[in-house]
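Numbering of ligands and ligand atoms starts at 1, following listing order. Keep in mind that what you see is a predicted model, and the values were worked out from it rather than measured. Position 1 is the first residue of the sequence, and the numbers go up from there.
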Amino acid sequence: MNNTPNPSSILSKTDMRSLNHFINGAFHPAKSGKTFENINPATGECIAHVALGDKQDIDLAVEAAQKAFKTGPWPKMAITERCHLLKKVGDLILERLDDLALAETLDTGKPIVESREGDIPRSAQNFHFFADYASSQGEESFTLNQNERHFTVREPLGVVGLITPWNLPLYLATWKIAPCLAMGNTCILKPAEWTPTTATILGEVFQEAGIPPGVFNIVHGFGQHGAGELLTTHPDVRAISFTGETTTGKAIMSSAAQTLKKLSFELGGKGANIIFEDADLEEALPTAIRAAYRNQGEICLAGSRLLVEHSIYNDVLDRLLPEIQAIRVGNPQDLNTQMGAIISPEQLAKVQSYITLGAQEGNVLCGGERLKDFPDGNFLTPALIADVPPDSRIATEEIFGPVLTVTPFKSEEEAISIANNTPYGLSTSIWSQDVNRCHRVSSQIQAGIIWVNCWFSRDLRTPFGGQKSSGIGREGGRYSLEFFSELKTICYRYGEHT
Ligand code: NAD
């Protein structure tokens, strides 16, 4: 690639070619001195050496977070003051939009437009939203009789572990950090090993915002047998909020059981996008394309299964195919690029194997080709696979890449049955102009979020999470505040006793 990104161009106070843990308000290399490589998925080049966290680093981070919780000002501060500082974090993220967007694109391979207009502004919004929301919430009070009143208080949990994936790195980390800290907890973030840079810059932002040391800590490293797993077994970590694969969620549930931690899981998805014959196709089809290929299809909420009513099936395929073939795949730093690189050679191989399977289970109409101009990047053209049987593996397993399967249906009942025919239950879109039908169908779909005539729209006050194998619990709005706190009831008896 000619205009290969230069990581040192990131305007950071620390050298972003060497990424360290952030513990007790300062950056530290791993105690062991060990590092691992951060690879740019678009070029295959090593862009940074990252501190490899092990037990010593996790112990230090937990100790710092524990001290900040027990003896520091953070949990005792007025919530308005805490939230004022968190808003400052949001402001500083926006001030550093350019370097954060470039870092996110270098780490993930996603188009720079998505980083600049999506991920990073939304990360700032997480701090602004939760700061406003948390500081405006009240607590409950129940009057039993004139002499007795019961009321509830929300108290912080203590030290919380936050474990996040690589697909929306800063956005998903801040989605947890903001409400966790707003409630007075202290935390340790374990970012995905593939995408350590924006989290590290966030450490600098926390320093600049004047957040007390130890409130927010970062330990880099791997999951299984590494920093992630160590966080889930540490006795002083009270809760784990995890976003990632369903299989990882199962492993965390098991490893966290010995210390009985509170758990919140946002896991995998296999979203259906159901198009009925009365749908507004001018809206539905461009949205279906975005839902399948945005962020290279590496979105848990992706509409990766298109279910189309039989009567319009061929027409829909004819209209989709040229649009999908026209998607511009290439250099993630080019402002015209619509699809960038897949995160890793392993993920690329996984996606390719599903497309090979797709040729047996359905008809591959386009896609799955590597880009000759970028031999060292993990690029793949977007794949469209038609006539996919609802029970097939490509229709039921999460691929997490630029692959859209298409399946026809003949009735409302059949559409509902196919949509529900996966272990997942995260999101579904329904396209129809018949409001009664939309209501009937949405009430029978097993998913945490249902979009009617839209996709990806979010109001941060609403609960977010999955049914079945897509998660446990809900985050967002008051649901995040509930997870990141402990409820206590206090009963007061006063006045004349009867
Ligand atoms: P992953 O589960 O492989 O890794 C996620 C994080 O968990 C990483 O930080 C990793 O190091 C850590 N980890 C791995 N094994 C661990 C273990 N045994 N103990 C503790 N930590 C461990 O997921 P990924 O590949 O990074 O992300 C893709 C997955 O995330 C997809 O399945 C996608 O659907 C899901 N996801 C879900 C949501 C949602 O909101 N439901 C959002 C984004 C991504």
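- Residue Glu229 approaches ligand 1 through these ligand atoms, each under 4.0 Å from one of its heavy atoms: 19 (N), 20 (C).
- Taking every heavy atom of both residues into account, Pro41 and Leu106 meet most closely at CD-O, 3.3 Å.
- Geometrically, Arg474 does not engage Tyr479 in a cation-pi contact, judged by NZ or CZ lying under 6.0 Å from the ring centre and within 45° of the ring axis.
- Taking every heavy atom of both residues into account, Leu481 and Ala134 meet most closely at CD1-CA, 3.8 Å.
- With a 4.0 Å cut-off on non-hydrogen atoms, Leu426 touches ligand 1 through its side chain and not its backbone.
- Near Gly223, meaning under 4.0 Å from any of its heavy atoms, are these atoms of ligand 1: 11 (O), 12 (C), 13 (N), 14 (C), 15 (N), 16 (C), 17 (C), 21 (N), 22 (C).
- The number of heavy atoms from other shown groups lying within 6.0 Å of NZ (Lys468) is above 12.
- Between Phe127 and Phe206, the ring planes are perpendicular. Angles over 60° get that label, and only those under 30° would be called parallel.
- Judged by the 6.0 Å and 45° rule, Lys262 forms a cation-pi pair with Phe483.
- Proximity of Trp194 to ligand 1, defined as any heavy-atom pair under 4.0 Å, is not found for any part of the residue.
- Nearest to atom 14 (C) of ligand 1 among the protein's heavy atoms is Thr248 CG2, 3.4 Å.
- Per-atom contact check: atom 4 (O) of ligand 1 does not touch the protein, criterion being a heavy-atom distance below 4.0 Å.
- The shortest contact between atom 31 (C) of ligand 1 and any protein heavy atom is with Glu398 OE1, 3.5 Å.
- Taking only nitrogen or oxygen atoms, main chain and side chain alike, Thr232 does not reach within less than 3.5 Å of ligand 1.
- Summary of contacts: the protein heavy atom closest to atom 39 (C) of ligand 1 is Cys300 SG, 3.3 Å.
- On a distance-only criterion, Asn167 and ligand 1 share no N/O pair closer than 3.5 Å.
- Thr243 and Lys176 form a side-chain donor-acceptor contact under 3.5 Å, judged by distance and modelled atom types alone.
- Atom 28 (C) of ligand 1 has as its closest protein heavy atom Phe400 CE2, 3.5 Å.
- Among Leu162, Thr164, Ile343, the residue whose heavy atom lies nearest to atom 6 (C) of ligand 1 is Thr164.
- Atom 37 (C) of ligand 1 has its closest protein heavy atom at Leu267 O, 3.0 Å.
- With hydrogens left out, the protein atom closest to atom 10 (C) of ligand 1 is Glu193 OE1, 3.5 Å, a heavy atom.
- Other residues, nucleotides and ligands contribute only 12 or fewer heavy atoms inside 6.0 Å of the CZ atom of Arg461.
- With hydrogens and angles left out, the side-chain atoms of Asn217 and Asn24 include no donor and acceptor closer than 3.5 Å.
- Of the protein's non-hydrogen atoms, the one nearest atom 27 (O) of ligand 1 is Pro165 CB, 3.3 Å.
- No hydrogens or angles considered: a donor-acceptor pair under 3.5 Å links the side chains of Glu397 and Tyr354.
- Scanning all protein heavy atoms for the shortest distance to atom 26 (O) of ligand 1 gives Trp166 CD1, 2.9 Å.
- The shell of residues lying under 4.0 angstrom from ligand 1, judged by heavy atoms, excludes Gly466.
- Here Lys110 pairs with Asp119 in a salt bridge; the nearest charged N to carboxylate O distance falls below 4.0 Å.
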